Amino acid sequence: MKYTTRKSAILLLSDGTIFHGKSIGISGTTFGEVCFNTGMTGYQEIFTDPSYFGQIMVATNAHIGNYGVNENEVESNGIKISGLVCKNFSFNYSREDASGSLEDYFAKQNLICISDVDTRALVSYIRENGAMNAVICTDDTPLEELKATLASVPDMKGLELASKVSTKEPYFYGDENAKYKVSALDLGIKTNILRNLAKRDCYIKVFPFDASYADLASFNPDGFFLSNGPGDPEPLESAIEVAKEILANNKPLFGICLGHQVIGLANGISTYKMFNGHRGINHPVSNLITGKGEITSQNHGFAVNREELEANPEMEITHLHLNDGTVAGMRMKNKNCFSVQYHPEASPGPHDSSYLFDQFVENLKN
């Protein structure tokens with residue numbers, strides 16, 4: 001067996017706390033808000049999810065990279081996380097249909113990773129002290145220089161990031177002869193959302209994050225979709241205005257994650273930054289309409305204000321997160337509009353909530 005010596009690396013949190021580990025071999029520094037994901041599988045889908053843009057991901061699974069990567073298991077055109085923190089990084093992989101190693105995948109996209117970190121201690125620290133900015137350093141940059149640069153990194157609160165991951169030009173997805181047409185506003189859309197719509201006989205035209213209602217309506221769609229994405233929803237004034245106009249024209253509207261928050265803001269309901277957010281594939285949700293429970297895939301650091309939503313006579317809460325009682329879904333009583341805070345398209349995660357796409361298509365029919 002060949003043994004190699006790997007370079008020491010650090011994770012520096014904005015409050016000055018340092019966690020030590022080893023570099024996987026890619027030299028440099030990377031900054032972002034540190035967060036953790038509790039999923040045991042699906043790391044490639046997580047790394048390529050645009051909603052994670054600007055964040056350093058802490059993996060709670062003890063082994064990352066053990067099943068390699070597959071080119072068909074991506075949710076966007078490349079890695080979107082700022083960096084990875086893990087316990088054991090697997091340089092070797094053992095899946096038959098893997099197209100390569102995670103190490104090579106990271107090297108091609110220059111993603112900096114620190115391994116051999118006590119991730120249980122780190123996650124406990126984040127849970128107790130909240131999400132905060134951090135830097136991974138694998139190149140021996142002096143500590144005082146790292147602290148100075150980290151202090152200048154903007155906080156996620158108030159940060160508009162949809163423009164960083166949205167398409168630059170409109171594009172089409174699905175069969176042009178499909179029964180239904182959907183205009184989708186790309187705030188950081190996951191590919192599996194498009195797959196789920198397409199397999200339900202929808203032809204989708206995807207528009208940039210700053211497209212106007214007139215742009216989306218020019219496709220003459222049967223309904224509209226507002227996607228997931230990264231960052232704070234409040235700066236997305238254009239998207240909020242689009243949602244208002246869709247509702248004013250009484251068109252079918254479905255929102256997921258960031259799109260859900262935009263719909264809330266369009267109805268005068270505020271959003272807030274959570275202490276450490278929800279990120280994982282095992283989050284329990286209660287469907288208040290059916291009385292059934294769902295295990296869901298979630299990835300968000302902001303949420304809709306529950307008290308304001310309950311006080312709005314035109315709105316109704318449809319789903320609640322069972323761990324903390326936050327709003328997981330809502331609908332309008334007098335409009336053809338509903339949204340959820342979690343990810344019914346999964347990838348990764350359970351498929352308990354895929355019925356929501358059927359519900360949207362049923363709305364298109366009606």
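All values derive from a computational prediction rather than experimental measurement.
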Basic-acidic side-chain contact under 4.0 Å: [X], [Y]:
X: D155; Y: K273; answer: no
X: E103; Y: R6; answer: no
X: E362; Y: R200; answer: no
X: K292; Y: D352; answer: no
X: R120; Y: D118; answer: no

Problem - Side-chain heavy-atom pair K179, D222 within 4.5 angstrom cut-off - result: no
Problem - Minimum side-chain heavy-atom gap N336-K251 below 4.5 Å - result: no
Between [X] and [Y], which heavy-atom pair has the shortest distance, and what is it?
X: L216; Y: P221; value: O-CD, 3.6 Å
X: S297; Y: A346; value: CB-CA, 4.2 Å
X: K365; Y: Y180; value: CG-OH, 2.7 Å
X: L11; Y: L122; value: CD2-CD2, 3.6 Å
X: M156; Y: G54; value: CE-O, 4.0 Å
X: L364; Y: P252; value: CD2-CB, 4.0 Å

Within one Ile-Leu-Val-Met-Phe-Trp-Tyr cluster: [X] and [Y], side-chain cutoff 4.5 Å:
X: L247; Y: L236; result: yes
X: L13; Y: L150; result: no
X: L84; Y: I56; result: yes

Practice task
Answer yes or no: does atom CG of N366 have more than 12 heavy-atom neighbours from other residues, nucleotides or ligands under 6.0 Å?
Solution key: yes
Problem - More than 12 heavy atoms from other groups under 6.0 Å of CD on E241 - result: yes
Will you find, in the side chains of [X] and [Y], an N or O donor that is under 3.5 Å from an N or O acceptor?
X: S163; Y: D210; answer: no
X: E75; Y: Q44; answer: no
X: S353; Y: E294; answer: yes
X: Y52; Y: N37; answer: yes
X: S347; Y: R195; answer: no
X: D15; Y: N129; answer: no
X: S218; Y: D215; answer: no

Exercise for the section: Would you confirm whether S152, through its side chain, and T149, through its main-chain N or O, come within 3.5 Å as a donor-acceptor pair? Expected result: yes
Problem - Backbone of D97 reached by a side-chain donor or acceptor of N70 within 3.5 Å - result: yes
Problem - Other cluster members, M274 - Ile/Leu/Val/Met/Phe/Trp/Tyr, side-chain contacts below 4.5 Å - result: Y272
Exercise for the section: Assess the pair F91 and F89: is the distance between their ring centroids shorter than 6.0 Å? Expected result: yes
Exercise for the section: Verify whether the ring centers belonging to F172 and Y203 lie closer than 6.0 Å. Expected result: yes
In terms of relative ring orientation, are [X] and [Y] parallel, tilted or perpendicular, with 30° and 60° separating the classes?
X: H283; Y: H321; value: perpendicular
X: F19; Y: Y125; value: perpendicular
X: F254; Y: F338; value: parallel

Exercise for the section: With side-chain contact (heavy atoms from CB on, under 4.5 Å) as the test, would you mind laying out the steps for I317 and R306 before giving the verdict? Expected result: CA-CA 8 Å; I317 296 176; R306 178 174 175 175; 4.0 Å; yes
Practice task
Under the ring pair (Phe, Tyr, Trp, His ring centres under 6.0 Å) rule, collect the residues that match up with F224, sequence neighbours excluded.
Solution key: Y213
